[in-house]
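Please read all numbers here as calculations on a predicted model, not as lab measurements. Only this structure's heavy atoms are used, side chains among them; waters, hydrogens and symmetry mates stay out. Numbers here simply count residues along the sequence, with the first being 1.
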Amino acid sequence: SRRSLRDVWARLGLRWPTVQELWIGVAVCGALIGFAIIVGTLWQSITAPNTFNQQTQLSQLIAQSVDTLTFAFIVAGGAAVGEEIAFRGALQPVFGLWPTAIFFALTHIQYTLTPATLLILGVALGLGWLRRRYNTTTSMIAHFLYDFSLLALSLYANYAQQTFGISGRIIR
């Protein structure tokens, strides 16, 4: 109410991304997916299969509820826009990188306190670094690509399992 729309966009770190920022968003997305694969692999290797299945059950249900690429696009877009504006745009400039990342991880507590919480914290720190170094728009791009890629991979894994009988897990 006391800021113009232009001032609000500047305060939130929103602007049209440059080509370089698009590529940086893609690169950070790739790094975050790599991080997720490493954490997931380590987690699965040190956890009993029964425990691991219990700890990832909700995550699997969420991924299975997304049944088309269009829905994956909408879910990933909504999460990226909403969470990045709220956390990286509004909260991080006030509270800083670490408190905002911890709060972000705690809002994703549906995973309970498992290695998934540390994974989400790592993702939040990566997205927060992007906001600090570039802007909220760049972190939004990386967040969208991260969520969409994992949802699309999950869709493909479900399709492969149903069509070819190939099984595998995609961890989010």
Side-chain angles (χ1 to χ4, degrees), residues 1-44 46 55-56 58-59 62-63 66 69 71-154 170-172:
S1 63
R2 41 179 203 195
R3 292 186 174 114
S4 69
L5 184 58
R6 179 180 292 177
D7 290 340
V8 169
W9 278 62
R11 160 65 179 78
L12 293 174
L14 297 169
R15 64 178 175 75
W16 197 253
T18 64
V19 172
Q20 178 187 16
E21 290 166 345
L22 287 171
W23 283 112
I24 289 166
V26 169
V28 169
C29 168
L32 293 175
I33 289 173
F35 175 69
I37 290 169
I38 291 168
V39 170
T41 302
L42 289 172
W43 178 14
Q44 191 169 12
I46 63 172
Q55 291 175 341
T56 60
L58 182 59
S59 181
I62 292 169
V66 177
L69 282 177
F71 190 44
F73 188 90
I74 291 167
V75 169
V81 170
E83 291 179 353
E84 292 309 304
I85 288 174
F87 288 97
R88 260 57 75 183
L91 297 177
Q92 184 172 311
V94 175
F95 297 105
L97 176 62
W98 278 93
T100 303
I102 291 167
F103 184 57
F104 181 83
L106 291 175
T107 62
H108 291 79
I109 205 69
Q110 74 264 25
Y111 302 112
T112 67
L113 291 177
T114 66
T117 307
L118 294 176
L119 171 61
I120 297 298
L121 178 62
V123 169
L125 289 169
L127 296 172
W129 174 82
L130 272 178
R131 164 57 163 113
R132 179 185 285 176
R133 178 76 169 83
Y134 297 97
N135 54 49
T136 304
T137 309
T138 305
S139 64
M140 201 179 291
I141 292 164
H143 191 154
F144 167 77
L145 291 172
Y146 177 83
D147 285 352
F148 182 75
S149 297
L150 294 180
L151 289 170
L153 284 171
S154 180
I170 303 294
I171 301 171
R172 182 174 189 278

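- Counting heavy atoms from C-beta on, the side chains of L118 and V39 never come closer than 4.5 Å.
- Counting only heavy atoms from C-beta outward, the side chains of L14 and N135 never approach each other to under 4.5 Å.
- Across all non-hydrogen atoms, the minimal contact from A36 to Y146 is CB-OH, 3.6 Å.
- Contact check for T107 versus F87: side-chain heavy atoms found under the 4.5 Å cut-off.
- Residues T56 and W43 are in side-chain contact: their nearest non-hydrogen atoms beyond the backbone lie under 4.5 Å apart.
- For the pair L22 and P17, the tightest heavy-atom approach, listed with the atom from each and the gap, is CD2-CG, 4.0 Å.
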Check against side chain to side chain contact (heavy atoms under 4.5 Å, CB included), T117 and H108 | CA-CA 8 Å; T117 307; H108 291 79; over 6 Å; no

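- Of the candidates I33, L32, V26, I33 is the only one forming a side-chain contact (heavy atoms from CB on, under 4.5 Å) with C29.
- Judged by distance alone, the side chain of S154 and the main-chain N or O of L150 form no donor-acceptor pair under 3.5 Å.
- For the residue pair E84/T136, the side-chain donor-acceptor check at 3.5 Å is not satisfied.
- Interatomic distance, E83 CD to S139 OG, rounded to the nearest 0.5 Å: 11.0 Å.
- Environment of CZ in F73: sparse, with no more than 12 heavy atoms of neighbouring residues, nucleotides or ligands closer than 6.0 Å.
- Distance check: T138 OG1 to E21 CD gives 4.0 Å after rounding to the nearest 0.5 Å.
- Taking each heavy atom of L125 and A101 in turn, the nearest pair found is CD2-CB, 3.6 Å.
- Atom CG in L12 sits 9.5 Å away from atom OG1 in T137 (nearest 0.5 Å).
- In this structure the side chain of L127 never reaches within 4.5 angstrom of the side chain of R131, judged on heavy atoms.
- Take R133 and apply the side-chain contact (heavy atoms from CB on, under 4.5 Å) test, not counting sequence neighbours, and it matches W129.
- With sequence neighbours excluded, the residues satisfying side-chain contact (heavy atoms from CB on, under 4.5 Å) with I74 are T70.
- Taking 4.5 Å as the limit, some side-chain heavy atom of R88 sits within range of a side-chain heavy atom of F104.
- Side-chain contact between I24 and Y134: present, with at least one pair of heavy atoms (C-beta onward) separated by less than 4.5 Å.
- When atom types are taken as modelled, the side chain of R11 and the backbone of G89 share a donor-acceptor pair closer than 3.5 angstrom.
- In plain terms, the two heavy atoms of A142 and L130 that are nearest each other are CB-CD1, 3.5 Å.
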